[in-house]
Structures are given as structure tokens and as C-alpha cells.
Peer 1: 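So that we are looking at the same thing, I have put the structure below in C-alpha cells.
From a predicted model like this one, the values you see are computed outputs, not experimental measurements. The chains referred to below are lettered A, B, ... by the order of the sequence lines, with proteins before strands, and numbering in each begins at 1.
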Number of protein chains: 2
Amino acid sequence: MTKKDDFDLQDFLPYLLNQAAEESSLSFQNIYKARYGMLRTEWRVLFHLGIYGRMSAKEICERSKMHKTKISRAVARLEERRFLTRERDAGDRRLEALELTAAGRAAYIELRGVAMDYDAKLAEAFSPDDVAVLRKLLHHLAKL
Amino acid sequence: MTKKDDFDLQDFLPYLLNQAAEESSLSFQNIYKARYGMLRTEWRVLFHLGIYGRMSAKEICERSKMHKTKISRAVARLEERRFLTRERDAGDRRLEALELTAAGRAAYIELRGVAMDYDAKLAEAFSPDDVAVLRKLLHHLAKL
DNA sequence: TGTTGTTAGTTACAAAATCAACTGTTAATT
DNA sequence: AATTAACAGTTGATTTTGTAACTAACAACA
């Protein structure tokens, strides 16, 4: 199609990043949705606990940069599904230590496998050097 | 923090892309929100019409990959604000040709300027070669 | 101790996204 | 022509998110 204007939306980084992010998230999303009925916030919490182990909602909040209300709700849903347990911190009773149950851990392990395969498949589509550049720049952008 | 697990969330491409996309969208979002009270869907529609000129909602849908209900509502809001007009297509009366008004065009021009500056600022943080690789791979990912 | 400020997490309400069902129009098939 | 299917776009119900106000616990300091 002929453009009336020389600005290219497809090269505007925030737009392009969003398109790439949505597209690349899609098939992984289909899996955790179909398999466990999870939302994005939920798998993220699950992964944080799976990777780093027992931690509080506050810590997940800082690491993931998600808003605390999102985390609060994701934790509530994961608890309902018996994927995690909460334990009040004895030292500071405002804090709750969150920890995956066996079921939560099993779900994490399965989804981690899916994620690793998927990531490898994505990376395969490019040269290793390019992927390294991509990861480097994305890290940088994510920390702006 | 010590990891209990060797999977790295920060290197999982869909996660990393989302983080980078959210972060990089943030300050641009603040501008169109504060300046025009627009949502993301709305500036996208505005930009499609600004760049490509008169077109139907269907065409915006295909180009942007946004769901048609989002576009329908964004168009309705932009029309309320007198940023665009609709005209029934004489040949196929299901279609509506959308076109920016002078006010819509002015808003687009201003936001385009902001976008270009912002994009240049982001790109400046990296080497030109790296940016080229980034754009290339993002294009590829966006079209998966 | 009492007051004030801060923090972790929840909840209530409003805004927005999603999904399915709907209207009106065109195209295809018989 | 009549029927059926497909399509552009809208609307309504439900789900999810965002914002702000809230509770309960701790900290600092007079």
C-alpha cells in the first residue's frame, strides 16, 4: 500500500516491540492457558517461585515490575488451585512467605520445559550472534 | 539472589520482549494519555490513518493485528473527539472509509514528532549496527 | 508511651479487554 | 429468485486490569 507519509510505524521501536512481544507470547500463552487455565500474571508468579524458591509477594513485585495488586490476585488464584502456600513471617508479620506446593512445582517444571523448547526454537530461527545482540539490547531496553 | 533453578526468566524471549515493550512504551504512553486522553488502541488507529490515509476498519485490523472490537471502539471514541469521519462505501455498503479530520491530523502530526524523537533517542543508546539487527529480528518475530 | 510515617498486602470501584452473539450487507449456490 | 454462507462492523456480558482507598503491622522519634 502506498504511504501518504514517510513515518514508518513498523520501525517505531515501542510499536515494533509490542508486536513482536505479542506474537512471540502467543503460542506459549495458549499452552499455559489450555493446560492450567492460567493468566500471564499467574505463570509469572509461578516461575518466580519455581526459579528462586520461597519469597514474599514484595520480592516478586520488585523482580517482575508487576503491580502489587496484580500479584496479590495472581497469588490468591494460585493458592485456590493449591499451587502455592503462604506462611506469615515470624519476624515481620506483614510479610508472607510464598512457596510452591508439589502440584505447583510440577506445573512449573512442565511449563519450564515448554518455555525452554520454545525459546530454543525461536533462537534457532536466527544466527547465534544476532540472538546475542537481541538479548543484550532487550535487557538494556527493559531496564530503561 | 541465589537461584534454585538454572532456568533464566530474564533470557526467555517472550518474557524479555514483554518487559522491553512495556518499558519502552511507557513514556510515549504518558504523552498521548496526558495530551489527548488517548488509549493505546486509539493512537494506533490515529497513526494508521495518518500514515496510510483513508482506509476501512478492516484494513486497520489486518495491518495492526488488533481485534476488530477494539478498533470499533477506538474509532467510535476518535469520532466523538472529532478526530476522524466515517463515510459509507458506495460500492460495498458494509465498509466505512475512515479519514482524519484537520484536528485528527494535527494530533497525529504532533504525536508523530514525539514518536520520532523518542525512537531516535532509544536508538541512540546503541550502535547503528546493533539497532539494525534489533529491528530486523523484531520484524521477523512480529511476523511469526 | 504516643504520635506520625511507612510498608505489605487486600479490597472496592472504575476502566478496558475479551468473547460471543447480533445487524445489515454482499457473494455463492441451487 | 431463494437460500445459505461469508463478511464488516457493533453491542452486551464477562473477565481482567488499573487506581485509590483501606487494614494491619512495623519503625522512628518526640
Peer 1: CZ of A:R88 versus C1' of D:dT23: gap in Å, rounded?
Peer 2: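 One finds 11 Å between C1' of D:dT23 and CZ of A:R88, rounded.
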
Peer 1: Between D:dT17, D:dA25, D:dG9, spot the one nearest the side chain of A:R77, thanks.
Peer 2: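 Nearest listed nucleotide: D:dT17.
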
Peer 1: Rounded to the Å, how far apart are B:E42 CD and C:dA16 C1'?
Peer 2: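 In whole Å, C:dA16 C1' lies 11 Å from B:E42 CD.
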
Peer 1: Could you state the atom-to-atom distance from CG of B:L98 to C1' of D:dT10 in whole Å?
Peer 2: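 In whole Å, D:dT10 C1' lies 14 Å from B:L98 CG.
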
Peer 1: Are the charged groups of A:E62 and A:K58 less than 4.0 angstrom apart, N to O?
Peer 2: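 Between A:K58 and A:E62 there is a salt bridge, with a charged N closer than 4.0 Å to a carboxylate O.
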
Peer 1: Do B:F83 and B:Y108 make the cut of ring centroids closer than 6.0 angstrom?
Peer 2: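 Ring centres of B:Y108 and B:F83 not closer than 6.0 Å.
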
Peer 1: Reading DNA chain D from 5' onward, which residue's closest nucleotide shows up sooner: A:L39 or A:H67?
Peer 2: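 This one resolves to A:L39.
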
Peer 1: Find the distance A:M66:CE to D:dT17:C1' and express it as a whole number of Å.
Peer 2: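 Distance check: A:M66 CE to D:dT17 C1' gives 13 Å.
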
Peer 1: Just call it for B:K68: base, sugar-phosphate, or nothing, with non-hydrogen atoms closer than 4.0 Å on any strand.
Peer 2: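 Answer is base: heavy atoms of B:K68 come under 4.0 Å of a base.
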
Peer 1: Look at the side chain of B:R40 against the base of D:dG18 and say whether a donor-acceptor pair falls under 3.5 Å; ignore hydrogens and angles.
Peer 2: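 No.
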
Peer 1: Is A:R94 side chain donor-acceptor paired with the C:dT7 base, going by distance under 3.5 Å alone?
Peer 2: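 Indeed, a donor on one side and an acceptor on the other fall under 3.5 Å apart.
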
Peer 1: Using only heavy-atom distances, decide whether a donor-acceptor pair under 3.5 angstrom links the side-chain of B:R73 to the base of C:dT18.
Peer 2: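 Counting by modelled atom types and ignoring angles, a donor-acceptor contact under 3.5 Å is found here.
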
Peer 1: Could you work out which one of C:dT10, D:dG9, D:dC26 sits closest to the side chain of A:E96?
Peer 2: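 Comparing C:dT10, D:dG9, D:dC26 against the side chain of A:E96, the answer is C:dT10.
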
Peer 1: Compare side-chain N and O positions of A:S72 against OP1 and OP2 of C:dT10 and report whether any pair is under 4.0 Å apart.
Peer 2: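 Yes, such a contact exists.
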
Peer 1: Report yes if at least one side-chain N or O of A:K70 is closer than 4.0 Å to OP1 or OP2 of D:dT17; otherwise report no.
Peer 2: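 Checking A:K70 against D:dT17: no side-chain N or O falls below 4.0 Å of OP1 or OP2.
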
Peer 1: Please determine, by modelled atom types, if B:D5 and A:Y52 share a side-chain donor-acceptor pair under 3.5 angstrom.
Peer 2: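 No, A:Y52 and B:D5 have no side-chain donor paired with an acceptor closer than 3.5 Å.
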
Peer 1: Are a donor atom and an acceptor atom from the side chains of A:Y32 and A:E42 found within less than 3.5 Å of each other?
Peer 2: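 No, no side-chain donor-acceptor pair sits under 3.5 Å.
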
Peer 1: Return the value, rounded to whole Å, for the distance between atom CG of B:D89 and atom P of C:dT26.
Peer 2: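 Computing the B:D89:CG to C:dT26:P distance gives 9 Å.
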
Peer 1: Check whether the ring centres of A:W43 and A:F28 lie less than 6.0 Å apart, and answer yes or no.
Peer 2: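 Between A:W43 and A:F28, the centre distance is under 6.0 Å.
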
Peer 1: Using a heavy-atom cut-off of under 4.0 Å over every strand shown, decide if B:I71 touches base, sugar-phosphate, or nothing.
Peer 2: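 Counting heavy atoms under 4.0 Å across all strands, no contact is made by B:I71.
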
Peer 1: Using heavy atoms to find the nearest nucleotide of DNA chain C for A:A57 and A:K33 separately, return the residue whose nucleotide is more 5′.
Peer 2: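 Final value for this comparison: A:A57.
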
Peer 1: A:R93 CZ to D:dT23 P: how many Å, rounded?
Peer 2: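 Rounding to the nearest Å, CZ of A:R93 and P of D:dT23 are 18 Å apart.
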
Peer 1: With a non-hydrogen cut-off below 4.0 angstrom, is A:T69 in contact with a base, only sugar-phosphate, or nothing?
Peer 2: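 The answer is base, as A:T69 lies within the cut-off (heavy atoms under 4.0 Å) of a base atom.
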
Peer 1: How close or far is atom P of C:dG9 from atom CZ of A:R86, stated in whole angstroms?
Peer 2: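 Roughly 9 Å, once rounded to whole Å.
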
Peer 1: Tell me the interatomic distance from A:Q29, atom CD, to C:dT18, atom C1', rounded to whole angstroms.
Peer 2: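 A:Q29 atom CD is separated from C:dT18 atom C1' by 11 Å.
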
